[in-house]
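Quick notes on the structure that follows.
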Amino acid sequence: MTTQTRRHPIAGNWATLLLPIAADDSIDFDKLGEEIDILIAAGVDGIYSNGTAGEFHNQTEAEYDRIQEMLASRCRAAHMPFVIGACQPDPHIMLGRLRRAVPLKPMAIQVILPDWWPLTNLEAADFLQRASDVADGIPLILYNPPHAKRVLTPAELADICGPCPSVVGVKLADGDAGWYADARANLAEFSLFVPGHHLATGTKHGVAAGAFSNVACISPRGAQAWTDLMRTDISAALEIESRICAFMDDHIVPFRRDQGYSNAALDKLLAAMGDWGPVGTRLRWPYRFIDAEHAARLRAIAQVMLPEFLKT
């Protein structure tokens, strides 16, 4: 990035916790525990809960608490770093989730900006300061996804996050070479987490600290090996990235672009295709999910295009 020191060393390949949803729309907590154990055994750099693919927007508060307690207890026992997502569009519910996450002592807590009506920069900075007070010394990561009401530029993120020292990282979408130059100029002190399928590019530009990774949905072990490769052979990692992006563009993105499926549906399809754990493709009502029959079809394609991730 630059010689400027980051606020926190958090980095690497972070695997998302996906909710196994039963036919009656309940969370299958037995399968969730099995999934956590599989991710720990895969040796990923860390596990995070309650991102978009973790369906944070579609849980009761009791379910939220049970998910985080299960993640924290298993990760602590295995000395696995973990991040808890306190995300919720309602700011008061989000602060409540954040407050209850603090005793679990995650490496960091992820928040979004309240999202029913877009915040001004002053409102956003005020929210982050309040969140920082509630977090009681635990670092915060701001999640600013492409579907947020305001997708912030690097300069806007610096204005909002700069005054709040508890914000140590940002999960965000990247852009072209101009975007990367802006990120280097404005966000050098933050750990930036780019989309998983762009991690090699972000690493090449000296901007990405890591990814809360959709590629880890395909294969936690494969994504970890690819991330490790970036430290020793960035050219080889970029070649793999080109095939990941081609696979996504040709076989995964059309489900969203042409049929209106959510990003969570796409990530669960990737996990079912990878067949590494008991996740399944089902989303919670009212969101539509992609039929599992597509996973088997796509697995055969991915085994040719991405053999590093899906062995035959």
Side-chain angles (χ1 to χ4, degrees), residues 12-21 31-32 34-49 51-55 80 145 171 173-174 193-203 208 210-230 236-257 261-283 289-312:
N13 167 53
W14 287 73
T16 182
L17 195 60
L18 300 156
L19 299 185
I21 302 298
K31 289 183 178 179
L32 185 67
E34 182 182 347
E35 179 191 351
I36 294 169
D37 291 344
I38 290 169
L39 293 175
I40 290 170
V44 294
D45 289 319
I47 303 171
Y48 74 103
S49 67
T52 297
E55 300 177 76
M80 168 62 67
K171 179 186 176 184
D174 60 348
F193 294 88
V194 301
H197 57 295
H198 293 171
L199 181 54
T201 292
T203 299
F212 292 97
S213 181
N214 59 343
V215 178
C217 292
I218 302 173
S219 168
R221 290 182 185 275
Q224 189 62 48
W226 180 50
T227 303
D228 294 342
L229 179 65
M230 294 172 203
L238 285 164
E239 189 279 326
I240 293 171
E241 180 182 283
S242 70
R243 289 187 276 113
I244 295 171
C245 289
F247 175 79
M248 296 288 195
D249 289 343
D250 291 346
H251 302 289
I252 302 300
V253 172
F255 284 102
R256 181 182 64 208
R257 183 191 63 218
Y261 286 104
S262 67
N263 284 348
L266 270 55
D267 283 350
K268 281 195 166 178
L269 174 64
L270 292 174
M273 181 190 78
D275 194 27
W276 51 264
V279 175
T281 63
R282 184 179 293 272
L283 295 180
F289 59 92
I290 301 168
D291 195 287
E293 68 181 15
H294 291 287
R297 174 180 62 82
L298 291 171
R299 182 176 177 83
I301 297 170
Q303 284 172 333
V304 175
M305 294 184 70
L306 304 173
E308 298 87 352
F309 297 88
L310 294 174
K311 306 298 184 184
T312 54

Check your understanding: Parallel, tilted or perpendicular: which describes the rings of Tyr261 and Phe255, with under 30° parallel and over 60° perpendicular?
Key ->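 It falls in the perpendicular class, over 60°.
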Exercise for review: Kindly assign one of parallel, tilted or perpendicular to the pair Phe193 and Phe212, based on the angle between their ring planes and the thresholds 30° and 60°.
Suggested key: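 Because their plane-to-plane angle lies in the 30° to 60° range, the rings of Phe193 and Phe212 count as tilted.
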Hey, could you give me the [atom1]/[atom2] distance between [X] and [Y], rounded to the nearest 0.5 Å?
X	Y	atom1	atom2	result
Glu55	Asp267	CD	CG	10.5 Å
Leu270	His197	CG	NE2	10.0 Å
His294	His251	NE2	NE2	13.5 Å
Met80	Asp45	CE	CG	8.0 Å
Leu269	Ile252	CG	CD1	4.5 Å
Leu39	Glu34	CG	CD	11.0 Å

Any sub-3.5 Å donor-acceptor pair from [X]'s side-chain atoms to [Y]'s backbone N or O?
X	Y	result
Lys268	Val279	no
Lys31	Gly277	no
Arg221	Ala41	yes
Glu241	Thr201	yes

Practice item. Start with the C-alpha distance between Met273 and Ile301, add both sets of side-chain angles, then the distance that settles side-chain contact (heavy atoms from CB on, under 4.5 Å), and finish with yes or no. Key: CA-CA 10 Å; Met273 181 190 78; Ile301 297 170; over 6 Å; no
Check your understanding: Mind checking what makes side-chain contact (heavy atoms from CB on, under 4.5 Å) contact with Glu308, not counting sequence neighbours?
Key -> Ile240, Arg243
[X] versus [Y]: any side-chain heavy-atom pair under 4.5 Å?
X	Y	answer
Ser262	Leu283	yes
Ile290	Leu266	yes
Cys245	His198	yes
Ile40	Ile47	yes
Cys217	Leu18	yes
Ile244	Trp226	yes
Met230	Asn13	no
Leu17	Leu32	yes

Which atom pair, heavy atoms only, marks the closest approach of [X] to [Y]?
X	Y	answer
Pro278	Ile38	CD-CD1, 3.9 Å
Ala208	Thr203	CB-N, 3.9 Å
Gly54	Thr16	N-OG1, 4.5 Å
Ser213	Ala216	OG-N, 3.2 Å
Gly196	Ala211	CA-CB, 3.7 Å

Practice item. Evaluate side-chain contact (heavy atoms from CB on, under 4.5 Å) for Asn214 paired with Asn263, printing each intermediate quantity in order. Key: CA-CA 10 Å; Asn214 59 343; Asn263 284 348; over 6 Å; no
**Study point:** salt bridge (charged side-chain N to carboxylate O under 4.0 Å, His left out): pairs with one or both residues in residues 291-307, sequence neighbours excluded
**Key:**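 Salt bridge (charged side-chain N to carboxylate O under 4.0 Å, His left out) check on residues 291-307 returns no pairs.
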Point to revise | Trace of the side-chain contact (heavy atoms from CB on, under 4.5 Å) decision for Tyr48 with Lys171 | key: CA-CA 12 Å; Tyr48 74 103; Lys171 179 186 176 184; 3.6 Å; yes
**Study point:** Within residues 269-278 or reaching into it, pairs that qualify as side chain to side chain donor-acceptor pair (under 3.5 Å) - sequence neighbours excluded
**Key:**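 Listed by first then second residue: nothing to list.
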